[in-house]
Structure formats: C-alpha cells, structure tokens
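Note sheet for the following structure.
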Amino acid sequence: MSNIRVRYPPSPTGEPHLGNIRTALFNWLFAKNNKGKFILRVEDTDRNRLVEGAMESQLEALKWLGIDWDEGPDIGGAYKPYTQSERLDIYKKISDRLIQDGFAYKCYCSQERLAQMREGYKKTQSIVGYDRKCRNINSLELGEINNEKSYVVRFKTPLEGKIIFNDLVRGQVEFENIRLDDFVILKSDGFPTYHLANVIDDYYMKITHVMRAEEWLSSTPKHIHIYNSMNWEIPEFAHLPIILAPDKSKLSKRHGATSILEYRRLGYLPNAMVNFLAKLGWSLDGETEKIETSELISNFSLKKVSKSGAIFDIDKLNWLNGVYIRGLTADELTFELLDYWKIFPSLELPVNIDYDLLKRIVPLISERIKTLNDAGPLISYFFSDTVKYKKEQILQKGLNFSDVNIILEKLYSEVIAIDDFESNVIETNLRNFVSESNYKTGQVLGILRVIYTGLDVAPPLFESMEILGKKHCVSVISRAIDNMKSS
RNA sequence: GGCGCGUUCGUCUAGUGGCCUAGGACACCGCUCUCUCAAGGCGGAGAUCACGGGUUCGAAUCCCGUACGCGCUACCA
C-alpha cells in the first residue's frame, strides 16, 4: 500500500457530466494503479447553485461504473467530514490565520463598486481583476467601517515574482504573479471559494496528486500561493484534457446527452463506458481498443495522457458497446437486458419477461444491437400474438399479390407438415420447398419474415420460428391468408 | 485585451532524431457471406504530421516565430 491519495470532488449542482466522470475515472485508475486511495469529497460551497438530489446522482453514476471510493461523505474516513459545508470552521480558522499573518485581508467593496470597476476596464481594455482598494486600508479606516459591514477575504497576491510548477501532463508551466489579482478566498456568506477550500481540504486529507480538468491550470498558481503562505507541502498537479463536442466547443446540453446517467438510460454497458472514457485522452499503445477495467488499472499512466482535448465520438462508443454486448454470454446478456428493463421499461415489451424464453431469443439479437435499448423493438414479435404489418411489406421483389396468395397457401401445408419444429429441420424443409417452386429464396422467406415479425429487418427466420412454435407459426400463416382475401 | 495550454487521416490515437514513401481503430466505400439486417472475412479511399524559419548527414519528433483553437481572467466550480 502506497501513500498516494487522490480525490474526486463533484459539486452537487446537477447531473454527473461526462467530462467530470472521466476525470473521476482517471483519478480512480491512478489510485488503483498505485495501490493508493481514492477519496470522494462534496464541494458544495456555492449555495446558489445547489440542486436537490444532485449528490445522489453523482454517487449513483460512480457506482454504476464500478468506481468505488475509500473515503467519502457516505462512508466517512480518517479525515472527515468530506462535505465542505460541514467544514466551515476550518476554512474560517485558516482564513483568519492568513489575515493575521499578512497573507490576506478583508475587503469591504460592494458588489456595485466591483461591477463599476469592471465596466471601466472594459472601456480602457486594461488589466482586469480587483483593483486592490482594500489591500492597504489602514486601521483607522478599518475601525470606521467596523464589523457591521459585510466583507469578503481576499488573498494578498505578491506583486512580483512568478510561480513555476511542473504539471505531470504538460511539463513546466510559469505564471507571473502580477497577472494574478487578489482573489476572494472567503465569501461574505462565510463560505470559502473553491481556491481556499480545495487547498485546505487537499492538505488536511493528505492528497498527494491533484488531477483535475485543464480549465484549472490557470488558477493553479493561486493555489500554490496559499500552500506557500501556510507553509504546506505542495501536491503534484496533473491537468487533464477536456472532452469536446463535435464542433470542438465544450460539451454541453445542446450537443445531446452530457450526463453519464443518460448513457445508462440509452442502454450502454458500464464496462464499455469505462473503456470508452478511458480511451478518450489516454491510450495503451495505439492498437488496443477493447481493454478490460483490470487491464486499464494495471496499465494506466499519466505519461500516456494526451495534452489536447478530445471530441466525444458517439459512433465509436456505439461500436465499442456493440463489441461488449457481443462479448457477453447468453446468460449475461439476458441478465443485463432484464436489469435494464427493470429500470427503464421497454414500450414494446410486456413488463414481466420469462428468463428462459429471453435467453433463447438473445443469441438471435446479440450481434444486431449496439445498445440494450435497441433490443425491444427487435424482439417484440416474440411477445405478441398479432403482429401488425402493412400489406405492401409482404410484397417481395418481383411478386404480385396473387403470387403471394399462392405462396402462402403452399407454405401453410408445408409448415403444418413439419413435425420436428426445430430450426434446422424447418430450414431444410423450407429450402426444399423453395427449390421445387418457381420462386426465389428471398421472396418466400421474405413473406414469412414479414408475417412473423412485422419487420423488414429482423432477426433470423428459422430460429425465430422455432422459438415462436409450430402452433403459432401455422396460425399466423392462415391469418395472413385471410387478410389477403379480406382486403 | 492579458495570461496560459494545445495543434498527426472527418474522429480517437501510435509515434520521444534514421524502423515513417506516418501504424491502428471508428465512420465511409467496394467485394464476400446471405432470408432481411447485422456480425465476420478481404480490400479501398483518407494526414504534404497547422504554417514559416532554423539546428542536424537526417525532424512528425529539438529550437524560434506566426496562425488558429480552447481555457482562465466571478463573493462558480
């Protein structure tokens, strides 16, 4: 057991975003690879954006994917609490200490003044950021202002010098201090900003590697300043590439599903999802596409993480999910489907489906579906006595309706004569029938396909007939004959 | 505007100075199999390695510049 500790700190402000989950996955893989700990923390310091039930969704998403945590809000741990809103006293204490030591100061500027200040910047196009009005406020003025006025605490960023650090993904990065403004560390409602809370928690929770999205790269020097002023050891940083939409912008709702839970609903398998997400921004060797989670863990390395953002390619996900579905045994796929329909019932199917029946059907569709959601429409004919189809569907290439009538009549006596109603017997009989007739295979079997399935594109015929059973198959033909006559 | 990061087939990527007339995968196209659709097999098209300069006997790989994209520049994370 190494002492490597990483963390995933979601904010309960909405559904678990694909990009965040990918970040969680990389952290988790890194922890597992190093035999370290993966810690879950709730960053709920923005009281305005809290969403009811959001944290539950976050946990649900991780559980679904099999990403487990060693410490967290629900299971506790040596460094609890793991929810920031329960750690307010710690943030206040550090904030006071920073003020006392001259690293931070109270700022009484109103929101209005700050807004005006920014307006002014816009016109002159000069440096943006806080103008440091309260930075050097003297004690007399401070006394006048008094305690009754609300304030924020700002960090007193050094005016010269620079911060240089080594990012595990990007290498050495430099920022000049003068470009940083005096950022807020404690808000007027007493809650810390991300910058403060994140540093304090990472320190107290003994986080060794901070792996987060690329958008944090620019604020890393702020964090380093806080570490330095507290004389705390600075963790390693790794800024991960972002997941992009097909138009190269940040993946957002207008591009379709962004919540990982949405992909569960759409019928993707968790293993496939993990595999796909892992390969978005990381690669094993440029050859291997399907990598099991255990393999992912043993091979994961930050050195192989790419620097540039990756576009989320739904086509490739569909393909990979298909690969995973095809890799399942009949038993496994049957379970997966049943579980899936339990949560997301299929409109095309009855509520209770018999396990054994489904298990017989599954081999017919496993290589025809890309997602679990594809299965319903493809197999509904097994669960309905009267399948609907349009008359034109029956009309196979090169046939007219009287041909169809003739064929159906002959087929009736042919099918009713099959004693051993098993797919290869059915196949032999029907193929013999076709070769002795003047019709083509596709024409005859096409008619059967339509009357049995109602589909133009369907699972294999003979196997379907076997499962449907002789009685059903015979009566469907006779009903088809009646239908032809009546219209 | 400033600062930072990035840039190899449409997409994900391999590639760390000679094995690269750039490899794999998805998507696409063709053939094959065939009761339809898939899956599978075979094959094809697709990248002057963003651009321009260097360094070197030799550069996708090292250096400099430019362009473009993205991010940050909140009492959001």
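Below, all heavy atoms of this structure are taken into account, side chains as well, without hydrogens, waters or symmetry copies. All of these numbers come straight from a predicted model, not from anything done at the bench. The sequence lines fix the lettering, A, B, ..., with proteins before strands; numbering per chain opens at 1.
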Against the side chain of A:Arg368, the closest entry in B:rC75, B:rC37, B:rG4 is B:rC37
Under 4.0 angstrom between A:Thr45 side-chain N/O and B:rA77 OP1 or OP2: yes
Under 4.0 Å from OP1 or OP2 of B:rU73: is there any side-chain N or O of A:Arg118 that close? no
Under 4.0 Å between a side-chain N or O of A:Lys222 and OP1 or OP2 of B:rG4? no
If you check the A:Glu367 side chain, which of B:rC3, B:rC75, B:rA39 turns out closest? B:rA39
Using Watson-Crick or G-U wobble geometry with both distances below 3.5 Å, tell me the partner of B:rC35, or none. none
Of the listed nucleotides (B:rC75, B:rA77, B:rC35), which one gets closest to any side-chain atom of A:Pro460? B:rC35
Proximity to the side chain of A:Arg431 - top-ranked nucleotide from B:rC35, B:rU73, B:rA39: B:rC35
Does OP1 or OP2 of B:rG15 have a side-chain N or O of A:Lys304 closer than 4.0 Å? yes
Tell me whether the side-chain N/O atoms of A:Arg154 come closer than 4.0 Å to OP1 or OP2 in B:rC75. yes
Flag the pair A:Arg47 and A:Asp189 as a salt bridge only when some basic side-chain nitrogen lies within less than 4.0 angstrom of an acidic carboxylate oxygen. no
Distance test, side-chain N/O of A:Lys370 to OP1/OP2 of B:rA39, below 4.0 Å: yes
What I want to find out is whether A:Glu214 reaches A:Arg170 closely enough, with some N-O distance under 4.0 Å, to be called a salt bridge. yes
May I ask which nucleotide in the shown strands pairs with B:rG4, Watson-Crick or G-U wobble, both distances under 3.5 Å? B:rC70
So, is A:Arg49 near the phosphate of B:rA74, with a side-chain N or O under 4.0 Å from OP1 or OP2? no
Are the charged groups of A:Asp182 and A:Lys156 less than 4.0 angstrom apart, N to O? no
Between A:Ser283 and B:rA14, does any side-chain N or O lie under 4.0 Å from OP1 or OP2? yes
Find the partner of B:rA47: check Watson-Crick (N1-N3 plus N6-O4 or O6-N4) and G-U wobble (N1-O2, O6-N3) distances, both under 3.5 Å, and reply none if neither fits. none
Can you classify the ring geometry of A:Phe155 versus A:Phe103 as parallel (below 30°), tilted (30 to 60°) or perpendicular (above 60°)? parallel
Please work out if A:Val152 contacts a base, only the sugar-phosphate, or nothing of the nucleic acid, heavy-atom cut-off 4.0 Å. base
Taking only the side-chain heavy atoms of A:Glu287 (C-beta and beyond), determine which of B:rG24, B:rU73, B:rC75 contains the nearest atom. B:rG24
